[in-house]
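Lettering follows sequence order; numbering is per chain, from 1.
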Amino acid sequence: MNYLWRKIDGFNMKSKLLNDLNDAQRAAVEYDKGPSMVIAGAGSGKTRVLTYKIAYLLEKGINARSILALTFTNKAANEMKERIGQLVGHEHAKNLWMGTFHSVFSKILRFESQALGYSSGYSIYDTADSKSVIKSVIKELNLNPETYKVNEVLSRISMAKNNLITVNSYMSNTKLLEFDKQNRKPHIVDIYKLYTIRCKKADAMDFDDLLVNTNILFRNFPDILEKYQNFFEYILVDEYQDTNFAQYLIVKKLAAKHQNICVVGDDAQSIYAFRGARIENILNFKNDYPQHALFKLEQNYRSTQTIVNAANSIIAKNRFQIPKQIFSNQEPGNPIRIVETATDHEEGYLVANEIFNISVSQQVRYNQFAILYRTNAQSRIFEETLRKRNIPYKIFGATSFYQRKEIKDLLAYFRITINCKDDEALKRIINYPSRGIGEATIEKIELAASTHQVSIWEVLSDPAKYPLHISNQILSKVQQFKNLISSFQSKLYELNAYDMALHIANGSGMINDLKSENSFESLARLENVEELLNSIKDYVDNQGESENNLITLDKYIETVSLLTDTDTEKNDGQDVVSLMTVHAAKGLEFDYVFLVGLEEGLFPSMLSQQSNEEIEEERRLFYVALTRARKEVLISFATRRYKWGKPTSCSPSRFIFDIDPKYVDYKGSPTDQNDNFDDELQEYRNPTVKNDNYIASESSSKIDSPVHSVQRKLIDIKTATRKKVENQQNFQNHDSSLLRPGMRIQHQQFGQGTILSIEGVEPNQKATVVFDNAGEKKLLLKFARLQIIE
DNA sequence: GTAAGAAAAATTTTT
DNA sequence: TTTTTCTTAC
């Protein structure tokens, strides 16, 4: 019976295979011996090839357990698993090794943890934990936190780890040491060293360690490597262009035996070099596997010809790429619209209006719209304007569920219960809810722990051995806390994950604390806690718990530590407009895409203008953004935008000029039509207003008039706007410069008052004002908007 | 030791 | 403008 079923299933699938795939796709799917690389242009059915290929292997009788499929996000993995399940049956697909590098190898590391001196229940430090450790390390080393910015240090350490530079190799790498010296941060290596020690002491790995330690495992234990080499007969890697060196090497080692490796990717969509991804991995595949087969998927099934051609014209400006001809057989479609607005606010209204109009006139559902931006900070205005328009929306990837304070707190309780050495988890909740253990006490405990080279838990467990010099009163509070956690620990393997979690949520006092606060906010938090508990219940139920197979909390934590933001946020069929960063939009598609904030310094980001490589990455990001659209793209930019609370004038992004003007419909906003020659005059007087976009696009395009007319127009508007803003700013300055001590003024919030004194220099000028009803205040003039009365 | 309020800092992208 | 950190008063 079962056999028959499988047969029929297989027959169906094979006919599907034949029908659903084009020649290139089919060839890629059917090539199943030896290394192969699939270069898959945007919208060319990359996921389809991967899923069908895996289904095809399963169909041929390959054991699901011997197929390893690595993806870039959990979401991609889940979707693929789902689709394979639909093709070959979920029972069959269940045993595939499929997931992100991080999740797959964290699993393997739990099996092999003893070899590396970790326990199988090791904690995974998230970025916040890592930062916290680095912060305390900087303090402990008596380094100036001004010089050693936590973020910078962390990204330096992370870069090192991505490139498999351990502390020892860092210490002997003169180039790196010299670089740090040049930057006047010669102690980065010391921070790295102590940070590593701290993590190890806490039985914790950070995200990068998962990859580093896998490499160490495979390097130092050839027998273990061989075991997994034998185990994984087939290896498939999605988004290969986004792999970093550590990931590359893992794949290379694992594939060395069977050589059945298939990598899929698109060099044009490599957008993660900033965090260590190496586009060379895809470019160098041919060197690692000289006898590999190469498949190119060049037909885009997603977008109109206009969009595909426009995207091609952009990416052609990049120097490094694998040659390919992406084409579309869809309808030609409408040109890409480019709209200029005066302010970021106006941009918000424009987009909201446009979405509303299209949805009504073309009968388009809201879930076919996306607003894509470069930075999360840009989402706020669209949120506002959409809400005013009553358009339902969802912001993806902002503060994710797992980043919420109450969730992290509860998870910290779980973590400390599972791994008592987890100092970061402990520090997080030792005084939450308040139990009278203050900062000073915690510092003393931490000091004792670090001087004796033990975990904080160790100190708490044996205060006689590690004298803390604190009062008996406080010591007893600390003991109470320790006993509370111990009581949790003792039940860890007796209760299932859900019962345990519930027990901890109540026993810790968190639930009571949130209930008793009884504010709008605390109730929302309480709901989130409930939601987490529900998800644990789901997890337990889905794992098929039985008498002799208790699903305990540590199992749950393993799955959840690597589940960050975007993975859990599915647009579950809701009819809402999607708001997200371009990075988050990778792999998605929408009928209508609004690409907003196309301004110099924003997109491309100000921080990416150092080198040509960085600009090329931003350009690829722009390419990714455009190719999300099936039908239409509207690109907008504002000439004035609030940045750090200050209005700043902006010029249109150079990428706008990268698009072949054939595919563009440019509409300036009517308010900015200028009717005088001031701009020409200014340009004549000051030819340096030319910006590099002008030069870059001029030199790189042989096309004559249209380019120039568009460019001219944009640049004129730019200079005009700059002047306008300068005027406005002058006016504003003038306004506040009229203020003098003794004047009577009006303030929005505090009412009327008299200026006592004014101090400071321009952007940060402050006034001391005595208000009639609100008393004396110091106010920043740039925010206060004081009006002179009388 | 806590809470409120003021000052200062911060903005790329994410497993 | 929003978020985090520091001060100050209880």
*Remember a base hit wins even if backbone is also touched, and classify Lys135(A) as base, sugar-phosphate or nothing at under 4.0 Å, heavy atoms.*
sugar-phosphate
_Arg387(A) versus Tyr393(A), side-chain donor and acceptor atoms under 3.5 Å_ = yes
*Among the candidates dG1(B), dT2(B), dT11(B), find the nucleotide nearest to the side-chain atoms of Asn151(A).*
dT11(B)
_Does Phe603(A) reach a base, just sugar-phosphate, or nothing at all? Heavy atoms under 4.0 Å._
nothing
_Cation-aromatic face contact Lys394(A)/Phe396(A), 6.0 Å, 45 degrees_ = yes
*Taking atom types as modelled, is there a side-chain donor on Glu618(A) or Ser608(A) under 3.5 Å from an acceptor on the other?*
yes
*Output yes when at least one side-chain N/O atom of Asn431(A) is less than 4.0 Å from OP1 or OP2 of dT2(B), else no.*
yes
*Nearest of dT12(B), dT14(B), dT13(B) to any side-chain atom of Phe274(A)?*
dT13(B)
*Taking only Watson-Crick and G-U wobble pairs with both distances under 3.5 Å, what dot-bracket line describes DNA chain B, where [ ] shows pairs that cross earlier ones and | shows pairs with another strand?*
||||||||||.....
*Just checking Thr441(A): base, sugar-phosphate only, or nothing, at a heavy-atom cut-off of under 4.0 Å?*
sugar-phosphate
*Across the strands shown, which category fits Tyr272(A) at heavy-atom distances under 4.0 angstrom: base, sugar-phosphate, nothing?*
sugar-phosphate
_Given Arg278(A), which partner from the list Thr243(A), Asn162(A), Asn163(A), Asn244(A) fulfils the side chain to side chain donor-acceptor pair (under 3.5 Å) test?_
Asn163(A)
*Nearest whole angstrom, please: distance from the P of dT1(C) to the CG of Asn376(A).*
20 Å
_At 4.0 Å (heavy atoms only), tell me whether Asp242(A) reaches a base, stays on the sugar-phosphate, or touches nothing._
nothing
*Nucleotide dT15(B), atom C1' - distance to CG of Leu562(A) in whole Å*: 7 Å
*N/O (side chain, Thr581(A)) to phosphate O (OP1/OP2, dT14(B)) under 4.0 Å*: yes
_Any donor-acceptor pair under 3.5 Å linking the side-chain atoms of Lys555(A) with those of Tyr539(A)?_
no
*Measure from the side chain of Thr127(A), starting at C-beta and using heavy atoms only, and say which of dT15(B), dT14(B), dT1(C) lies closest.*
dT15(B)
*DNA chain B: 5'-proximal contact among Glu146(A) and Glu614(A) (nearest heavy atom)*: Glu146(A)
*For the side chain of Lys149(A), starting at C-beta, report the closest nucleotide among dT13(B), dA10(B), dT15(B).*
dA10(B)
*Taking only the side-chain nitrogens and oxygens of Arg275(A), find out if one of them lies under 4.0 Å from OP1 or OP2 of dT15(B).*
no
*For Tyr623(A) and Asn318(A), test the side chains for any donor-to-acceptor distance below 3.5 angstrom and give the result as yes or no.*
no
*Residues two or more places apart in sequence or in another chain: which of them pass side-chain hydrogen bond (donor to acceptor under 3.5 Å, both in side chains) with Arg415(A)?*
Asp129(A), Asp422(A)
*asked:* Tell me the interatomic distance from Leu211(A), atom CG, to dT15(B), atom P, rounded to whole angstroms.
replied: 13 Å
*For Ser434(A), answer base if it contacts any base atom (sugar-phosphate contacts may also be present), sugar-phosphate if it contacts only those atoms, and nothing otherwise; contact means non-hydrogen atoms under 4.0 Å.*
sugar-phosphate
*Report the residues that fulfil side-chain hydrogen bond (donor to acceptor under 3.5 Å, both in side chains) with Thr127(A), sequence neighbours left out, ordered by chain and then residue number.*
none
*Spell out yes or no: do the side chain of Arg380(A) and the base of dT2(C) have one donor N/O and one acceptor N/O closer than 3.5 Å?*
no
*When the nearest nucleotide of DNA chain B is assigned to Glu618(A) and to Arg435(A) on a heavy-atom basis, which residue is associated with the more 5' position?*
Arg435(A)
